[in-house]
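To keep things clear, I will list the structure first and then write my remarks on it.
The structure presented is a predicted model; accordingly, all values stated were derived computationally and were not measured. Throughout, protein chains are lettered first and strands after them, A, B, ... in sequence-line order, and every chain is numbered starting at 1.
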2 protein chains.
Amino acid sequence: MEPKGKKILIADDEPDILEILSYNLTREGYETITAKDGEDAIQKARLYKPDLIMLDVMMPNKNGMEVCKLLRTQPVYQDTLIIFLTALSDETSHIKGLEYGADDFISKPVSPKILVSKVNALFRRIQKPDDKTIQTGSIIIDPVKFVVTINGQDIVLAKKEFELLHLLATKPGRVFLRNEILSQIWGTEVIVGDRTIDVHIRKIRQKLGIDCITTVKGVGYKMVV
Amino acid sequence: MEPKGKKILIADDEPDILEILSYNLTREGYETITAKDGEDAIQKARLYKPDLIMLDVMMPNKNGMEVCKLLRTQPVYQDTLIIFLTALSDETSHIKGLEYGADDFISKPVSPKILVSKVNALFRRIQKPDDKTIQTGSIIIDPVKFVVTINGQDIVLAKKEFELLHLLATKPGRVFLRNEILSQIWGTEVIVGDRTIDVHIRKIRQKLGIDCITTVKGVGYKMVV
DNA sequence: TTTTGCGTAAACATATTGTTAAGATGGAAC
DNA sequence: GTTCCATCTTAACAATATGTTTACGCAAAA
């Protein structure tokens, strides 16, 4: 199977389980990293930035719940998928796990078929929300990479310019009032003149080359569809 | 079968066994070296630095256990895999072997299928921790060796510098906010000034020579793709 | 014609980062 | 213990990108 470019961290204190999970996921094209306990999992997570983390609930040196809780507090792991490995019919863990932000559960003993299908399903599900890119027409806006790609060419925008374009692109065709724009980009605290928006709009139009922003006189601006 | 680039040293006093093992492993793509007794094994190990050593427990001129014990005392062979060849149901050897740092056992008479699968499994297990390198463009980052290689030339980075570069390289193209960087590299406990990050970034850029880190003003830093 | 709202360019102000050097720290060698 | 060394951190200042305002022009609506 061709590589999927996804890293999976597996944490369990039983080497046999690690072996089985790792083998099956590797065969599916995933890259796997293993950890033998909670502390090890946290360290490896920090090191490898996996896309998915599988945590055994019962582990020495911080159990799965604790690890999950800890990771979720950090913004970097906000979008990381987390699966718990639980004993069959362990309802308490399920409820607690959901509170801590688990994405799914797999019961032991692990069926390779279920394992693989669940993992695939999760990655399929986040495919959209994970890349928060917005595409309208030939313009691709990627807030993660902080670049605007247009016809395959990357264009660098300044922070405010980017935020402004991104805001308009969230609802293409919808008109954003000047007030809306001000409160969204600048916040309610700072007060800037009206011309400020114009100037930024101009710079965006200039840098993009394409006229993708329409002026609605007396109202605001909108993205063309 | 294509070569795996792994060397296996087989030590046994029975030529027939050497023949069988060597044949099956070679057919799997491994490179094999044979030794006829304990002393010979030690000498060949020193000479060839094999990735795996298979030791017959009963051998003239130092038996398998003695050889294992001797090798394990030397740091060079700390990570070398060692498999013992034992008579069927030789419990004592198993227990002793584990004490001496054996990784697995194979009972005689040897089944080629079991042999191959065990060897493969062992290499698969150690493959993960060994394969931690990140490569982006011409830059190779190896957290194990703690070395950054760029165009075949090794560059030495200090700890913080290395961690920072490594963090950015985990998700090339993605922008890491200053907060993220701080919490990842420095943790939430310690508080360092903003300039600290800049200084480290500068040192990295200086040492690498290539401008592989882009600064996104008001946002953070990112690795170029 | 007058008014209103927006576009544009340049000037200005500010925030953010780059750079350098100098202490602070801690570990290794002696 | 002392000395040495590399690393880390901070502070001060320079450089630059960015954000904002100003001033003026234009066009369409009243």
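Residue A:R202 contributes atom CZ, which lies 19 Å from atom P of D:dA23 at whole-angstrom precision. Protein atom CZ of A:F176 is 20 Å distant from nucleotide atom C1' of C:dC6, rounded to whole Å. Protein atom CG of B:D211 is 16 Å distant from nucleotide atom P of C:dT17, rounded to whole Å. As rounded to whole Å, 15 Å separates atom C1' of C:dG5 from atom CD1 of A:I201.
A salt bridge links A:R174 to A:E180: at least one charged side-chain nitrogen sits closer than 4.0 Å to a carboxylate oxygen.
Of the side-chain N and O atoms in B:R205, one or more sit less than 4.0 angstrom from OP1 or OP2 of C:dG18. Checking the phosphate oxygens (OP1, OP2) of C:dG5, no side-chain nitrogen or oxygen of A:Y221 falls inside 4.0 Å. Considering only side-chain N and O atoms, A:R178 lies nowhere under 4.0 angstrom from the phosphate OP1 or OP2 of C:dG5.
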Each nucleotide N or O in nucleotides 7-17 of chain D that has a protein N or O under 3.5 Å away: list the pair and distance.
unit_1	atom_1	unit_2	atom_2	d
D:dC8	OP1	B:K159	N	3.3
D:dC8	OP1	B:K160	N	2.8
D:dT9	OP1	B:W186	NE1	2.9
D:dT9	OP2	B:W186	NE1	3.0
D:dT10	OP2	B:G193	N	2.8
D:dT10	OP2	B:T196	OG1	3.0
D:dT16	O2	B:K217	NZ	3.0
D:dA17	O4'	B:K217	NZ	3.1

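In this structure, B:G220 and B:Q206 both approach DNA chain C, and ranking their closest nucleotides by distance from the 5' end singles out B:G220.
Residues satisfying the side chain to side chain contact (heavy atoms under 4.5 Å, CB included) test with B:Q135, not counting sequence neighbours, are B:I140. Remark: A:F146 engages A:F162 in a ring pair (Phe, Tyr, Trp, His ring centres under 6.0 Å) (not counting sequence neighbours).
Taking the ring centre of B:Y48 as origin, the terminal cationic atom of B:R46 falls outside the region bounded by 6.0 Å and 45° from the ring axis.
At a cut-off of 3.5 Å, with distance as the only test, a side-chain donor of B:Y221 or B:D198 sits close to an acceptor on the other residue. For the 3.5 Å distance criterion, the side chains of B:D154 and B:T149 qualify, holding a donor opposite an acceptor.
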